[in-house]
Amino acid sequence: MHFAYRSALSPKPTTSPSSQTAVNDGNDHESMIFRSECDGVIQISQDGEVISFDKESEVMLGIRSEEVIGKCLSDIIALPARGECNTGARMNLPSNRWLQCHANRANGEIVSVELAMALPRAESSSVLTVFIRNVAGTKHCTDESADSTIPYRQLVELSPEAILVYQHGKFTLLNQAACRLLGATCASDLLGREIFDFVNEDDHTALHASTHEDNPMPSPFIEQMWRRDDGTLFHAEMAAMPLLYNDAPAVQVVVRDITERKRLESIQQGQNRILNLVATGSPLAEILTEIASFVEAHSPQCVCSIRLLDGSSFSQIAGTSADLPDISASPTQIQLRASNIVSDSPWSAQPIIGNAAQVLGTFACRFNESRNPSTEELNLYSICIRLAAIAIESRTLQERMRFLAHHDGLTRLPNRFLFKEYLELALCNAQRHSSPFAVFFLDLDKFKEINDTLGHEAGDQVLREIAGRLRGCLRHTDKIARMGGDEFYILIDNLTDATYARGVAQKLLDEVSRTIHVNRQECRLSASIGIAIYPGDGMDSQTLLRNADSAMYRAKELGKDRFRFYLTINDEEIAA
Ligand SMILES: Nc1nc2c(ncn2[C@@H]2O[C@H](COP(=O)(O)OP(=O)(O)OP(=O)(O)O)[C@@H](O)[C@H]2O)c(=O)[nH]1
């Protein structure tokens, strides 16, 4: 070991390192290794492996000796023959001369140092002694005017964008915006840390490709998942650009937090998906389940439930939280309880209100932890409640349109189109099973007088009343339809004999003739009915309807308030 002579032979330098020509010129080994008090001494093996690392070196490079012992000197100091870890000679360390180079401090800073190597005294020794001196201060004084990084650093610091500069994978410069973004209070918390510590593992390959120091081209913005110092993840957009920093290759990275943008995009996409389900007529339960899943995906620790007000009762239609409190009793109180979820159970519920301000259902969320929903969550719930209202009202509208296409709006009886379908079906069944059926054509007598005396509104009420009475006379397998005006068709299926048809016709006439009360006034009506029976009065729907019409007109001609079968002979036979 050669440390014994070091302190005794170490006069303090009085001039700048470059003036220490004694080191450069001295041939005497003992005098060559004088050093200032702040020089560090590092001993390395012939292979360049650090054997000892003194206190001054530790302070100068901010690294503890146990962290570097066993490592290669070129891992700490950028030697001319970079990357090689070999003998002192092969490491390009001249003996008896000072050499300027850069060293990496543990905090990522790069410092200018001068090195000198003393050859072993004994030829048999394999230990080389390297002196290291921090010349950053001197360099700063002499080179300050030439330091091009100063304006760059100032610009970076002023930038509202988060900017990080790293060299050899470690941060060497971060501005305030970057510190805030990564959750650090000041840059020194992050200097020297690796960029890979802040990027989700799944994105490491892409990060490496876009930020490699040898990559000569700036990379475009790419999206990645980044991690703050406390481990929380966020969506980031980053672009990398190579540059020279402190005369050494470096990479500048601009990072933006795009979490909010991604959240809004995702909400927009979900909204479009749900509206698409509504537009394509998907079943309501499917749409509401999609809404509930959408809420749960964007609201952590939340289970969502949607109940539908069907008539007067609420039914659970979607969602996983079947055990929500029963809030159906007083929908107006729902909002009240939602505002009190902290002191109450951890759930939040709101009514789903339709366009006409009517309650359509309830929308509720239960949290698996006691907390208030955030502003973003409340906004999301508002969107979803509106989507649920659109879905429910659209379903109601579709059902109404479907109903109106096949039913009469005034009496809600099937219309002529639906009746024709019933008739075709009855014909098929009758042909297959050889079973007769009857078609009645019923027209009210002197209905015009009702309109003329009591008014059209009253006429409408009478038509509704008559429709209900006629329906009440029939079996549920029989069909009745309003053709328009005061005309009705009735289909009596599975007719066993004509006597049964006669009985039904008489019952219908009796029901029509009962007193009707409209607007506190009494009125009386009668009807004329024509009857055609399959197969005798027709083998197809057109013939049967035409013959029922014709029989009804005969009933009118005969004085109204009666029924007639199409075939007189058949009618007379039945009457006989
Ligand atoms: N209130 C009301 N009246 C209607 C409606 N549709 C048709 N009407 C009226 O119903 C009446 C039907 O008259 P008709 O069947 O031709 O004659 P009527 O008075 O019943 O006489 P007869 O059939 O010969 O006994 C007309 O006055 C129509 O204006 C409706 O939806 N509501």
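No experiment lies behind these values; they were computed from the predicted model shown. First listed ligand is number 1; within each ligand, the first listed atom is number 1.
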At the 4.0 Å heavy-atom cut-off, does [X] count as touching ligand 1?
| X | answer |
| --- | --- |
| K560 | yes |
| E487 | no |
| R482 | yes |

Between [X] and ligand 1, find which residue part has any heavy-atom pair under 4.0 Å and reply side chain, backbone, both or neither.
| X | result |
| --- | --- |
| K556 | side chain |
| L444 | backbone |
| I450 | neither |
| R464 | neither |

Exercise. Got a protein heavy atom sitting under 4.0 Å from atom 18 (P) of ligand 1?
Worked result: yes
Exercise. Does some non-hydrogen atom of the protein lie less than 4.0 angstrom from atom 2 (C) of ligand 1?
Worked result: yes
For this session: Just need the protein heavy atom nearest to atom 32 (N) of ligand 1, so name the residue and atom and give the distance.
Result: D460 OD1, 2.7 Å
Seminar exercise, completed: re atom 8 (N) of ligand 1, the protein heavy-atom contact at minimum distance is N451 ND2, 4.0 Å
At less than 4.0 angstrom from any non-hydrogen atom of [X], what atoms of ligand 1 do you find?
| X | value |
| --- | --- |
| D486 | 12 (C), 15 (O), 20 (O) |
| L463 | 2 (C), 30 (C), 31 (O), 32 (N) |
| D445 | 25 (O) |
| G459 | 1 (N) |
| G485 | 6 (N), 7 (C) |

Problem set entry | By salt bridge (charged side-chain N to carboxylate O under 4.0 Å, His left out) - contacts of D561 (at least two apart) | none
Exercise. What pairs with D549 under salt bridge (charged side-chain N to carboxylate O under 4.0 Å, His left out), at least two apart in sequence or on another chain?
Worked result: none
For this session: Output the distance between atom CZ (F441) and atom CD1 (I529), rounded to the nearest 0.5 Å.
Result: 11.0 Å
